[in-house]
A.B. asks: 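Can you keep this structure in mind? I'll have questions shortly.
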Protein chains: 2
Amino acid sequence: MEPTTQPKVPEFHVAVDVVALTIKRNLLQVAVVQRKGTQSCIRDPKGGVVREVPREPFDYALPGGHVEWQGESLVEAACRELLEETSIEVKPEDLVQIGAYGDVGRDPRSGRTVSIAYVAFSPDFASPFAGSDAANAKFMDVVEVLADPNRLEFDHNQMLRDAISRVRELMERTPIALKFCDEEFTLGDLRHVYEVMFHPAYNPDADTLRFADRIRREESKSDSSIAERQIHVLSKAFSESSKNELMMTMPMNDMPMGLSSGRKMTRDQDVLAKVQKLLEEEYRRASRVSTPGEKSAREKMKLSFDAANFARKAELIEGFIERIPGRTRQSSSGTGKPAQLYRRGRAEKLDPPLIIPRRATKPAKRTAK
Amino acid sequence: MEPTTQPKVPEFHVAVDVVALTIKRNLLQVAVVQRKGTQSCIRDPKGGVVREVPREPFDYALPGGHVEWQGESLVEAACRELLEETSIEVKPEDLVQIGAYGDVGRDPRSGRTVSIAYVAFSPDFASPFAGSDAANAKFMDVVEVLADPNRLEFDHNQMLRDAISRVRELMERTPIALKFCDEEFTLGDLRHVYEVMFHPAYNPDADTLRFADRIRREESKSDSSIAERQIHVLSKAFSESSKNELMMTMPMNDMPMGLSSGRKMTRDQDVLAKVQKLLEEEYRRASRVSTPGEKSAREKMKLSFDAANFARKAELIEGFIERIPGRTRQSSSGTGKPAQLYRRGRAEKLDPPLIIPRRATKPAKRTAK
DNA sequence: GCAAAAGTGTTTCCCCTACACCCATGG
DNA sequence: CCATGGGTGTAGGGGAAACACTTTTGC
């Protein structure tokens, strides 16, 4: 209720941030940068305000920056910043707005900054490398980014969580998951995408620290040479050479090698396999009904990831996928029956949404038996 | 890809807009203002850019304005603007962010304006009256606002539609609808809230013009004295006196008088009843399966609004509502069996969401019969 | 008695889950 | 032959929609 005469509008900065999510080797990864300078902008645990503190080597930020000229739309700015800071190139239509973040204390540097966050979800981001304003740029496992001691600057932590929820929504109601499949894909390929994205480790309330710890423990057990402090557990699990070698044998863009096994087991691959086993095991733990006492939200996460039923469900959705008669492909692990190939349908919306916890999954009658 | 040296950040304005939605007499209404000045900012049908054109008496805008001082958060600004322009008072926690609207051409006036839109959904807004910057402020039927010849300035049209979708989501997953019920309410009361909010007339693709036309036709048939041009079809359907009189007889805040009938039929009430019959009929039309050929998105809107099953569903959701043993209340229309009273439960999230089109409602076997 | 609304009971349908089982492949 | 993953078949449990019917009120 100030005097309404000629309001003294404060100096505003409008920024954009991009949560670039992708899936590598069955793990959800996000593009992060390490900003230049000696100070990081970290949220004060008590008070909630962001303060400048001495920069640590494990401080990260999402790529982003200011809208820079008059005629630049918000999405355009987001694309540009992503490109500049990480060399990742996306089209404006690939960005989905998450929302505006405008808390007063969210940027201690100068004036007042409102940031519009976008999410990009794509399998074929270029390998990031640092550009302007960033000393470093790379993809990191999401659980790793969110776990101690790593820190995300500003309110990027919240943005990341919001982005994941948004992508989950998109995966329920749009064929966005097909971006992670080749033109011809198997139902197993498709299912993997959903399994990763809906993994309980990425739930808002997930204990990412525990996850990350277990992953780290696996890593140290393998006494892999790259064990520095805690960063980069998996993004460097492969040396460049063996990575390329692996890529050759993978039918899909960076797709799995399955949840277990693998043809040529290097030591690094061995670590990887164990980590993935952990995730898989954790997924089961989180979705199984153990004690009939508490059916928390987590429990509802029980998804139709039973291979058989997932397939039926996906095929049932009109315009989602269509089978390619006669064409099959050997499963990625090399074993098993060759799978039927599909291609994407014409639908832009998935009408019966693919994944809905439609009932509060009863503890199953099996308890009686 | 401009030179990245010292980016010339443009002059940005940060604004907020509020979509204040409420339900009056079974119709969804939104708070709009008429700005002062001789020019309206209307989107050019061809080109999509907003231009200043001579103001017409049927031009409206959502309440909103600039964030005015350094320490003012976005929600605070939204609250303040709503209060200033419409005298409606809301608490920050009642506002839900819809998103940021930052298209380049969205405000032709000065510099570049990014607006953060919020939605408020509450039954007990004060009666709005114009404040600063607004020559007029009132609640209007949503269908009326969206229909010719009325115009919403800037991109407020889109904001309104987005707001409605957001509220629908909230009604599925949170007990927000209970805000429209008294502390003690019947399942019929609750059901009405859902029926209004999910009415096909408010679907993004709805033919609001047709709706508004039919409502207007009803109005002119009744040769009600208030028939001006097209504005205020229903918001003035009651004279102040009979309005107060009606309020007395209504058990809930501005709740219905049922979808038909009414104890004391004044002429205005007669019009109203007819209009509501139209809406009801339209709802049925839109949700019935007519030709088994096209099962459009509209068709999926078929909701569980069958009274009996809605009640069962609501009672099933844990923590949503709890019955008050022994207490009943006469239905608002005065007729019918007195209904069981309920009070709100402790749940903040509705766990099996109340309304989900879980199957692509088959054309019903009835075709065969 | 009749209309209107609430509430209860019941039937039918079919979705979804789970499980069993077969298939095809590499090793 | 076994392990592995793909795929089909199917039984049963259960939710929900639809419908029938009763109850209680005002007129």
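We use all heavy atoms of the structure for the numbers below, so side chains are in, but hydrogens, waters and symmetry mates are not. Chain letters run A, B, ... following the sequence lines, proteins first, then strands; residues in each count from 1. Source: prediction; values computed, not measured.
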A.B. asks: Can you check whether Arg312(B) has a side-chain N or O nearer than 4.0 Å to OP1 or OP2 of dT8(C)?
C.D. replies: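 Indeed not, no polar side-chain atom of Arg312(B) lies that close.
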A.B. asks: For the side chain of Asp306(A), counting heavy atoms from C-beta on, which of dT25(D), dA17(D), dA18(C) is nearest?
C.D. replies: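 For Asp306(A), the side-chain atoms sit closest to dA18(C).
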A.B. asks: For Gln340(A) and for Pro338(B), find the nucleotide of DNA chain D with the closest heavy atom, then tell me which residue's nucleotide is more 5'.
C.D. replies: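 By nearest-heavy-atom nucleotide position, the 5'-most residue is Gln340(A).
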A.B. asks: From dT8(C), dA18(C), dG6(D), pick the nucleotide closest to the side chain of Arg191(A)?
C.D. replies: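 For the Arg191(A) side chain, the nearest candidate turns out to be dG6(D).
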A.B. asks: Once you round it to whole Å, what is the distance between C1' of dA3(D) and CD of Gln330(A)?
C.D. replies: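 Whole-Å distance recorded here is 13 Å.
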A.B. asks: Rounded to whole angstrom units, what separation is found between the CG atom of Leu316(B) and the P atom of dA16(D)?
C.D. replies: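 Spelled out: CG on Leu316(B) to P on dA16(D) is 7 Å.
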A.B. asks: Could you tell me whether Ala339(A) contacts a base, only the sugar-phosphate backbone, or nothing, with contacts defined as non-hydrogen atoms closer than 4.0 Å?
C.D. replies: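 The residue Ala339(A) makes sugar-phosphate contact but no base contact.
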A.B. asks: Whole angstroms only, please: what is the CD1-P distance between Ile321(B) and dG7(C)?
C.D. replies: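 After rounding, the reported distance stands at 10 Å.
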A.B. asks: Whole angstroms only, please: what is the CZ-C1' distance between Arg323(A) and dT8(D)?
C.D. replies: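 In whole Å, dT8(D) C1' lies 11 Å from Arg323(A) CZ.
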A.B. asks: Rounded to whole Å, how long is the line connecting atom CZ of Arg329(A) with atom C1' of dT25(C)?
C.D. replies: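 My rounded result for the distance is 15 Å.
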A.B. asks: Just compare dT8(C), dA18(C), dA4(C) and give me whichever is closest to any side-chain atom of Thr335(B).
C.D. replies: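 The answer is dA4(C), which lies nearest to the side chain.
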A.B. asks: Please tell me which of Lys337(A) and Ala308(A) maps to the more 5' nucleotide of DNA chain D, matching each residue to the nucleotide holding its nearest heavy atom.
C.D. replies: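 The answer here is Lys337(A).
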A.B. asks: Take atom CZ of Arg327(A) and atom P of dG6(D), then tell me their distance rounded to the nearest Å.
C.D. replies: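 My rounded result for the distance is 17 Å.
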A.B. asks: Give the nucleotide from the list dA17(D), dC23(C), dT17(C) with an atom nearest to the side chain of Lys313(A).
C.D. replies: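 Ranking dA17(D), dC23(C), dT17(C) by closest atom to the Lys313(A) side chain puts dT17(C) first.
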A.B. asks: Strictly below 4.0 Å, N to O, side chains only: are Glu172(A) and Arg168(A) in salt-bridge contact?
C.D. replies: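 No, no charged N to carboxylate O under 4.0 Å.
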A.B. asks: Can you measure Leu190(B) atom CG to dA6(C) atom P for me and round it to whole angstrom units?
C.D. replies: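 After rounding, the reported distance stands at 12 Å.
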A.B. asks: Nearest whole angstrom, please: distance from the C1' of dT8(D) to the CG of Leu187(A).
C.D. replies: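 Result: 13 Å.
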A.B. asks: For the ring pair Phe180(B) and Phe121(B), is the centre-to-centre distance below 6.0 Å?
C.D. replies: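 Centroid distance Phe180(B)-Phe121(B): below 6.0 Å, so yes.
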A.B. asks: Distance from Ile321(A) atom CD1 to Thr186(A) atom OG1, nearest 0.5 Å?
C.D. replies: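 It is 10.0 Å, given to the nearest 0.5 Å.
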A.B. asks: I'd like to know if Glu322(B) pairs up with Arg344(B) as an ion pair, taking the criterion as any Lys NZ or Arg NE/NH1/NH2 lying under 4.0 Å from an Asp or Glu carboxylate oxygen.
C.D. replies: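 Salt bridge between Glu322(B) and Arg344(B), a charged N being under 4.0 Å from a carboxylate O: no.
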A.B. asks: Only one of Arg327(B), Glu315(B), Glu183(B) forms a side chain to side chain donor-acceptor pair (under 3.5 Å) with Tyr342(B), so which one is it?
C.D. replies: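 Of the listed options, the one satisfying the test is Glu315(B).
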